[in-house]
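Here the structure is laid out as C-alpha cells; the discussion comes afterwards.
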Amino acid sequence: MKEKTRVVFTQGGKGGVGKTEILNSLIKWYHEKGIAPVLLDFDIENANKSGLKNFFPEALKLDVHRDGALDEFFDICGEDSTSHVVADLGAGAGEVTYRWFDEAFEEAEEEGIAFTSVGVTTEDAGAVQSILTWGARLQDRVDYLIVLNEQLNPRSDFKYWHAEPKVAEFKEIFSPQIMTMQARIQEFQAELRNQAATLEKVIQGEVKTDFLRLTKNRVRARRYQRELYEGFEQASSILLPPQD
C-alpha cells in the first residue's frame with residue numbers, strides 16, 4: 001500500500017544523548033514546510049524540563065508501558081488530515097516497542113504507515129550499542145536517521161562509532177541517513193536547557209532571560225538551527241512523503 005502517514009520516533013535507548021532536542025528542531029522544520037505533525041510524548045518518566053510536552057504543550061502525553069499504548073498510532077494515522085506523527089520514546093521503551101513491531105507491523109504497513117527511527121549517539125559506547133540493538137530488533141521495518149551528537153564533547157571524532165565492526169554492518173544492511181549535531185557554546189546550551197527553550201524561541205526572542213536575548217545568542221541559535229535543517233534536508237527521503 002502507498003505510504004499515507006510517516007511516523008518519526010526516537011529510539012528509547014540511552015537517556016541524555018539529545019533525542020528530544022533533535023525533535024524540537026525537526027518539528028519546526030516540518031512547520032516551515034507547511035506540515036503540522038501530531039506530537040506524542042511517550043516518555044512518561046520524564047516530567048522535567050527536557051520532555052517533549054514541556055516544549056510543545058499540544059503534545060499528547062502517553063504511557064508507553066500501558067497495554068495497547070502504541071496502538072494509538074492506528075487511530076491517529078487513520079485521520080485523513082494526519083500525514084506525519086512525531087513521537088518521543090523515553091529510555092527503557094525498547095522492549096515494548098520491539099514487541100509492538102513484532103505484533104502490529106504488518107497491520108501498520110497495510111494501513112499505509114511508514115516509520116523512521118531516530119537514533120542519537122555521543123562518543124559513549126553504550127549509546128552506539130543502543131542504536132545497534134534497535135537495528136537488530138527492528139530490522140528493515142523502519143528507515144533509520146542516525147545523529148552524531150557533538151554537544152557533550154566539541155572535539156568528538158566518534159571513534160567507537162567508526163571503529164565498531166557491527167556499525168559498519170548496520171550501515172551496509174540498512175543504509176541509514178547520518179547527520180551531525182554540531183557542538184554548541186556550553187553556556188548557551190546550559191541556559192537553553194534551564195529555560196526549556198527551543199532554538200526557534202531564541203531566534204524569535206520568545207525567551208525570559210536577557211542572556212538568551214543577546215544578539216550573539218540569537219545568531220548562534222540561527223546557525224545551530226541552520227546546521228540541523230541541512231541534515232534534515234539531506235534525510236528528507238525518510239522524513240517527507242515520497243514524491244509522485
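In this structure, the side chains of Leu145 and Ser117 stay at 4.5 Å or more apart for every pair of heavy atoms. With contacts defined as side-chain heavy-atom distances shorter than 4.5 Å, the pair Val38/Val86 does not qualify. Proximity of Ile35 to Leu240: side-chain heavy atoms (C-beta onward) are separated by under 4.5 Å at one or more points. Inter-residue side-chain proximity for Leu199 and Arg184 is flagged as met; some heavy-atom pair is nearer than 4.5 Å. Side-chain contact between Val167 and His162 is absent, with no heavy atoms from C-beta onward closer than 4.5 Å. Annotation: side chain of Leu148 is not in contact with side chain of Met181 (no heavy-atom distance under 4.5 Å). The closest side-chain heavy-atom distance from Thr121 to Asn149 is not below 4.5 Å. Counting heavy atoms from C-beta on, the side chains of Val142 and Phe9 come closer than 4.5 Å.
Annotation: the span from Gln189 atom CD to Glu21 atom CD amounts to 4.0 Å, rounded to 0.5 Å. Note that the CZ atom of Phe74 and the OG1 atom of Thr5 stand 11.5 Å from one another [nearest 0.5 Å]. Atoms CG and CD1, from Leu39 and Ile27 in turn, are 4.5 Å apart once rounded to the nearest 0.5 Å. Note that CH2 of Trp100 and CZ of Phe73 are 6.0 Å apart. Values are rounded to the nearest 0.5 Å. Rounding to the nearest 0.5 Å places CD of Glu111 at 14.0 Å from CD of Glu3. The CD atom of Glu58 lies 8.0 Å from the NZ atom of Lys53; values are rounded to the nearest 0.5 Å.
A salt bridge links Lys33 with Glu233: at least one charged nitrogen is closer than 4.0 Å to a carboxylate oxygen. Salt bridge present: Glu95 and Arg137 bring a charged side-chain N and a carboxylate O closer than 4.0 Å.
For the residue pair Thr198/Asn24, the side-chain donor-acceptor check at 3.5 Å is not satisfied. Side chains of Ser25 and Gln225: no donor on one and acceptor on the other come within 3.5 Å. No hydrogens or angles considered: a donor-acceptor pair under 3.5 Å links the side chains of Trp134 and Tyr98. One side chain, Thr20 or Asp88, offers a donor N or O that lies under 3.5 Å from an acceptor on the other. Between the side chains of Gln234 and Glu230, no donor-acceptor pair of N or O atoms lies under 3.5 Å.
A distance-only check finds a donor-acceptor pair linking the side chain of Glu123 to the backbone of Asp157 [under 3.5 Å]. The main-chain N or O of Leu52 is found under 3.5 Å from a side-chain atom of Asp41 such that the two form a donor-acceptor pair. The backbone N or O of Arg213 lies less than 3.5 Å from no partner atom in the side chain of Asn217, so there is not a single donor-acceptor pair. A side-chain donor-acceptor contact under 3.5 Å links Thr10 to the backbone of Leu89. When atom types are taken as modelled, the side chain of Arg141 and the backbone of Leu138 share a donor-acceptor pair closer than 3.5 angstrom. The main-chain N or O of Gly126 is never found under 3.5 Å from a side-chain atom of Ser130 such that the two would form a donor-acceptor pair. In terms of modelled atom types and a separation under 3.5 Å, the side chain of Thr122 and the main chain of Asp124 share a donor-acceptor contact.
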Can you check side-chain contact (heavy atoms from CB on, under 4.5 Å) on Glu191 and Thr209, steps first, answer last? CA-CA 9 Å; Glu191 191 65 10; Thr209 66; 3.2 Å; yes

Would Val147 and Thr180 count as a side-chain contact (heavy atoms from CB on, under 4.5 Å) if you check the C-alpha gap in whole Å, the side-chain angles of each, and the deciding distance to 0.1 Å? CA-CA 5 Å; Val147 182; Thr180 299; over 6 Å; no

Verdict with supporting geometry, Arg6 and Val85, side-chain contact (heavy atoms from CB on, under 4.5 Å): CA-CA 6 Å; Arg6 171 70 58 166; Val85 176; over 6 Å; no

Apply side-chain contact (heavy atoms from CB on, under 4.5 Å) to the pair Leu23 and Phe55, showing each step before the final yes or no. CA-CA 10 Å; Leu23 292 191; Phe55 298 99; over 6 Å; no

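Linking ILVMFWY residues whenever their side-chain heavy atoms come closer than 4.5 Å, directly or via other members, places Phe115 and Leu62 in the same cluster. Residues Ile203 and Tyr30 do not share a hydrophobic cluster, clusters being chains of Ile/Leu/Val/Met/Phe/Trp/Tyr side chains in contact below 4.5 Å. When hydrophobic clusters are built by joining Ile, Leu, Val, Met, Phe, Trp and Tyr residues whose side-chain heavy atoms come closer than 4.5 Å, directly or via intermediates, Val202 is not grouped with Val219.
Minimum interatomic distance between Tyr160 and Gln129 (heavy atoms only, all atoms of both residues): OH-NE2, 2.6 Å. The shortest non-hydrogen separation linking Ile131 to Gln11 is CA-OE1, 3.5 Å. Of all heavy-atom pairs between Val7 and Cys77, the closest is CG2-SG, 3.8 Å.
Residues forming a salt bridge (charged side-chain N to carboxylate O under 4.0 Å, His left out) with Asp63 (at least two apart in sequence, or on another chain): none. Residues passing the side-chain contact (heavy atoms from CB on, under 4.5 Å) test with Ala197, sequence neighbours excluded: Leu192, Gln195, Val207, Leu212. With sequence neighbours left out, the side chain to side chain donor-acceptor pair (under 3.5 Å) criterion links Glu206 to no other residue. Take Ala69 and apply the side-chain contact (heavy atoms from CB on, under 4.5 Å) test, not counting sequence neighbours, and it matches Phe42, Arg66.
Annotation: Glu172, atom CD; neighbour count of heavy atoms from other residues, nucleotides and ligands within 6.0 Å does not exceed 12.
Relative ring orientation between Phe232 and Trp29 is described as tilted, the plane-to-plane angle lying within the 30° to 60° band. Relative orientation of the Phe56 and His31 rings is perpendicular, given thresholds of 30° and 60° on the angle between their planes.
A side chain to side chain donor-acceptor pair (under 3.5 Å) check over residues 75-85, counting only residues at least two apart or in different chains, returns nothing. The ring pair (Phe, Tyr, Trp, His ring centres under 6.0 Å) pairs that include a residue from residues 195-228 are Phe188-Tyr224, where partners are two or more places apart or lie in different chains.
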